[in-house]
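In what follows, every chain begins at residue 1, and chains take the letters A, B, ... in the order their sequences are listed. Note that these values count all heavy atoms, side chains included, but never hydrogens, waters or copies made by symmetry.
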Amino acid sequence: MEYEAVIGLEVHTELKTASKAFCSCSTAFGGEPNTHVCPVCLGLPGVLPVINRQVVEFGLKTALALNCRVAPFCKFDRKNYYYPDLPKNYQISQYDLPLATGGYLKINVDGQERVIGITRVHMEEDAGKLVHVDGPGGGYSLVDYNRTGVPLLEIVSEPDLRSPAEARAYMEKLKAILQYLDVSDCKMEEGSLRCDANVSVRPRGSQTFGTKTEVKNMNSFRALQRALEYEIERQIAILEGGGRVEQATMAWDESRGVTTVMRTKEQAHDYRYFPEPDLVPLEIDAAWIERVRRELPELPDARCRRLMDTFGLPAYDAGVITSSRDLADYFDRVVALYPDAKVVSNWIMGDFLRLLNARNLEPGQAPVPPGELADLLKLQKEGTISGKIAKQVLEEMFASGKGARQIVQEKGLVQISDTAALGKIVDEVLAANPNVVEDYRNGKEKALGFLVGQVMKATRGKANPGLVNQLLKERL
Amino acid sequence: MPISTAEVEHVALLARLKLSPEEKAAYTEQLNAILEYMDKLNALDTRDVEPTAHVLPLRNVFRDDVSRPGLPREKALQGAPEVSEGQFKVPRVV
């Protein structure tokens, strides 16, 4: 039987505020343990939380960018659970009256656009960090409450995703939107962007849902895709074997490449939500919503269209470049200095992104400033260096942080375009390979490629390829 | 009796309360009395009454997004059952 997957994602993103959601402690990442804490976020008796206005502003920006309806009235609730990552024994969250509902975002997979529904966007606080230590009597846990109370947005999708690739595309698009809005750092490895997935499978074409599992602990886009692929296969294998999928919460084990059961339905949490009496409700009027809407920046889809319209870039190129605001900004700066947009996009999508990824860097952290990439492209266009050398130079620019011109000069990489000098080398190569010359004259076209290669080798890649071809043909 | 002893035990577990058999019996009875009173309230027609989200007539009370130093770490850890490496040391639960 053919199956299809049904996937919904719950994404948590830490908001980029200076202070926590309900107290004035710093939200800075990586401080010494328990140095960004106060009586409010430690849950000491007698304290009163007050919401940070910026949390609501960021929430509204996000809700509007995701095409949601903002609730005119919303409130906070307590989600009760006993686990030492929250010292109050409850998390301040939103339950039945969230900030916003009913939105969507668009994804593009294999050239096909799909609209993915957003069920809701709500505000809540993050929990602390636990480190578990093995030892006698079950060991112990160490708790750092610096992250406790850092504002989060929870963004829940409809079960509209049908494959791991779509889930990944959704997550990437959501990250891009959050970064364009400048509301979150979106660093998955630091936990400022996290994702849980609800997954089930059903016979293709069926309208009812299968039993779902929730998969947690996916800390990268790749992990999300791999975990979903594994979990879907696991569920299909159970059904194919005549079994039933058990409702459970699964944890993705990155090193082993498997999902394992964290808790079953019987152990499911019973959160006993009730209204948070310490915080007063929010009323968000039309004027406020309109003000935030007017202040929204250009979003990825609009920018993608603009790149296609302004520069005639293919949809694929424009999509890759606008997938990150920093990358799109980088592209704009290079194009301002070197106005051949397609050449710039080829370099950015090719060697530039490859070198960035190899170093695990984000586009905003590129060691090569846009002006230097433009210089490199100019050197190539002027014929000072060949395309092949240009690739080497870019690599060297990433490694050393030096400018293109400086590297070309220091390493003596200037292209040899001097007919006399190159002619001499061509003559040497022809003299050294009489058999190949013979082959070519007997009609073996491929022999020319070999001779070009020999000239390139002799000049360590610096020969002007067009001139080499011309000189060889003249002599043959 | 809308609430059984088993439910009282479940709620006690969720609240991490250890109850004696006498307490369980007493709380079962008390909770049932409370819920019976709720039934009485439920008998009222509240169709035209707005649900109460908060007892105070206040809305939109905000703080500006300004960070301030919190507690010194020694103070923050003062109430911890045990301390290790500047952190709260607690029994491992997973």
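For the pair B/Arg63 and A/Val50, the tightest heavy-atom approach, listed with the atom from each and the gap, is NH1-O, 3.3 Å.
Interface residue A/Cys23: only backbone heavy atoms are found under 4.5 Å from chain B. Only the side chain of A/Val56 comes within contact range of chain B, with heavy atoms under 4.5 Å apart. Contacts between A/Pro84 and chain B at a heavy-atom distance below 4.5 Å involve the side chain alone, from C-beta outward. Proximity to chain B (any heavy atom under 4.5 Å) is shown, for A/Pro39, by both the backbone and the side chain. Contacts of A/His132 with chain B are made by both backbone and side-chain atoms, with heavy-atom separations under 4.5 Å.
Between the CG atom in A/Asn52 and the CZ atom in B/Phe62 there is a gap of 10.0 Å [rounded to 0.5 Å]. Considering CG of A/Asp134 and CZ of B/Arg92, their distance stands at 5.0 Å, rounded to 0.5 Å. Rounded to the nearest 0.5 angstrom, B/Gln87 CD and A/Glu32 CD are separated by 9.5 Å. In this structure, the separation between CG on B/Asn60 and CD1 on A/Ile51 is 10.5 Å, given to the nearest 0.5 Å.
Between chain B and the options A/Tyr82, A/Phe22, A/Tyr145, heavy-atom pairs under 4.5 Å are most frequent for A/Tyr82. When A/Leu279, A/Asn89, A/Asn80, A/Leu97 are compared by the number of non-hydrogen pairs under 4.5 Å with chain B, A/Leu279 comes out ahead. The greatest number of non-hydrogen atom pairs below 4.5 Å with chain B, out of A/Thr27, A/Thr35, A/Leu42, is found for A/Leu42. Between chain A and the options B/Glu82, B/Glu85, B/Arg16, the largest number of non-hydrogen pairs under 4.5 Å is found for B/Arg16.
Within 6.0 Å of atom OH in A/Tyr95, 12 or fewer heavy atoms from other residues, nucleotides or ligands are found, so the atom counts as exposed in its surroundings. Other residues, nucleotides and ligands contribute at most 12 non-hydrogen atoms within 6.0 Å of the NZ atom of A/Lys129.
Inspection of non-hydrogen atoms places B/Asp65, B/Val66, B/Ser67, B/Arg68, B/Gly70, B/Leu71, B/Arg73, B/Ala76, B/Leu77 of residues 65-80 of chain B under 4.5 Å from chain A.
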